[in-house]
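Below you'll find the structure, written out as structure tokens, and then a few comments.
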Amino acid sequence: MQNNPNNPYDDIFSNISKIVEEIVKNMPEHQHAHIVGYTIITRGSDEPPAVFRIDQDDDDEIPYEVVESNEKIYITAELPIDAKTAPFADIQSNSVRICVDDCETTIVLNHPVDVIHSYYRVHRDILDITLLKIKNP
């Protein structure tokens, strides 16, 4: 597929595709893995999604990253691989508390969220939290 000269993101997406292919080639048993295709969907909004990286110096805190769009807030946390207890996220309207073993991290949100329609998932030592923002009345 030829790049569109009017789309500055075409080069970025092409580079991302090459990076993903290299990662897959270096994975164990890569001969069974295939990249069939992928789609990056951007939503037409006034502001692009933003990534906020929080660097913690405290060993008792869980490292995390926050990405915010117009409708949702996404939090990804790296969990300790030697956890003794099941990790969980305590989702409140203005904050999220991530807990695992004796470690606890509280993230104060810049926007209130709908607690009932927000959720989290743990997979391979990664905690993914999806928070639905409450729309302004």
Side-chain angles (χ1 to χ4, degrees):
M1 184 173 183
Q2 188 173 10
N3 287 349
N4 179 351
N6 296 325
N7 188 351
Y9 300 111
D10 277 350
D11 289 334
I12 294 170
F13 295 151
S14 175
N15 290 338
I16 290 172
S17 176
K18 291 174 186 172
I19 291 168
V20 171
E21 287 178 27
E22 286 300 313
I23 290 170
V24 170
K25 286 180 187 175
N26 292 308
M27 291 175 64
E29 299 186 27
H30 71 277
Q31 64 272 17
H32 301 293
H34 301 283
I35 298 176
V36 176
Y38 66 92
T39 303
I40 298 175
I41 300 171
T42 58
R43 304 210 190 293
S45 66
D46 296 340
E47 297 179 22
V51 175
F52 305 94
R53 181 72 183 177
I54 308 298
D55 295 323
Q56 290 93 353
D57 294 329
D58 189 356
D59 288 339
D60 291 337
E61 289 198 15
I62 300 164
Y64 65 90
E65 184 175 85
V66 178
V67 177
E68 189 170 340
S69 71
N70 285 343
E71 298 171 357
K72 296 183 180 181
I73 299 171
Y74 303 95
I75 301 172
T76 303
E78 182 180 345
L79 302 171
I81 58 174
D82 58 347
K84 308 274 187 283
T85 61
F88 69 93
D90 178 21
I91 301 171
Q92 301 296 318
S93 62
N94 292 310
S95 67
V96 175
R97 187 169 55 101
I98 301 170
C99 302
V100 59
D101 294 340
D102 293 332
C103 297
E104 183 177 304
T105 299
T106 301
I107 304 163
V108 178
L109 304 173
N110 294 329
H111 196 285
V113 297
D114 181 349
V115 175
I116 294 174
H117 294 99
S118 298
Y119 56 92
Y120 70 93
R121 175 181 105 108
V122 177
H123 184 68
R124 295 187 182 206
D125 301 320
I126 299 293
L127 175 69
D128 286 316
I129 306 168
T130 302
L131 309 167
L132 181 64
K133 289 182 176 180
I134 294 176
K135 294 181 182 179
N136 294 333

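Since we're looking at a predicted model, the values are computed, not measured.
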Item checked: Any side-chain heavy-atom pair of Lys133 and Leu131 under 4.5 Å -> no
Note to self: Do Tyr64 and Thr105 make a side-chain contact, defined as non-hydrogen atoms from C-beta onward lying under 4.5 Å apart?
What the structure shows: yes
Notebook entry, point to check: Going by heavy atoms in the side chains, are Thr106 and Val96 under 4.5 Å from each other?
Noted result: no
Check: Out of curiosity, Ile62 CD1 to Leu79 CG, how far, rounded to the nearest 0.5 Å?
Finding: 6.5 Å
Notebook entry, point to check: Heavy atoms, side chains only, cut-off 4.5 Å: are Ile98 and Ile129 in contact?
Noted result: yes
Margin query: Once rounded to the nearest 0.5 Å, what's the spacing between atom OH of Tyr74 and atom OG1 of Thr130?
Written below: 6.0 Å
Check: Side chains of Ile126 and Val122: does their closest heavy-atom pair fall under 4.5 Å?
Finding: no
Notebook entry, point to check: Atom CG of Leu127 and atom CD1 of Ile75: how far apart are they, to the nearest 0.5 Å?
Noted result: 8.5 Å
Margin query: If I compare all heavy atoms of Leu132 with all of His117, which pair ends up nearest, and what's the gap?
Written below: CD2-CB, 3.8 Å
Check: With Lys72, which residues qualify under side chain to side chain donor-acceptor pair (under 3.5 Å), at least two apart?
Finding: none
Going by atom type alone, with no hydrogens or angles, which donor-acceptor pairs under 3.5 Å involve a side-chain atom of residues 87-94 and a protein atom two or more places apart or on another chain?
unit_1	atom_1	unit_2	atom_2	d
Asp90	OD1	Gln92	NE2	2.8
Asp90	OD2	Arg97	NH2	3.3

Checklist line | Of all pairs that satisfy salt bridge (charged side-chain N to carboxylate O under 4.0 Å, His left out), the ones with a partner from residues 107-129, not counting sequence neighbours | finding: none
Check: Residues two or more places apart in sequence or in another chain: which of them pass salt bridge (charged side-chain N to carboxylate O under 4.0 Å, His left out) with Asp101?
Finding: none
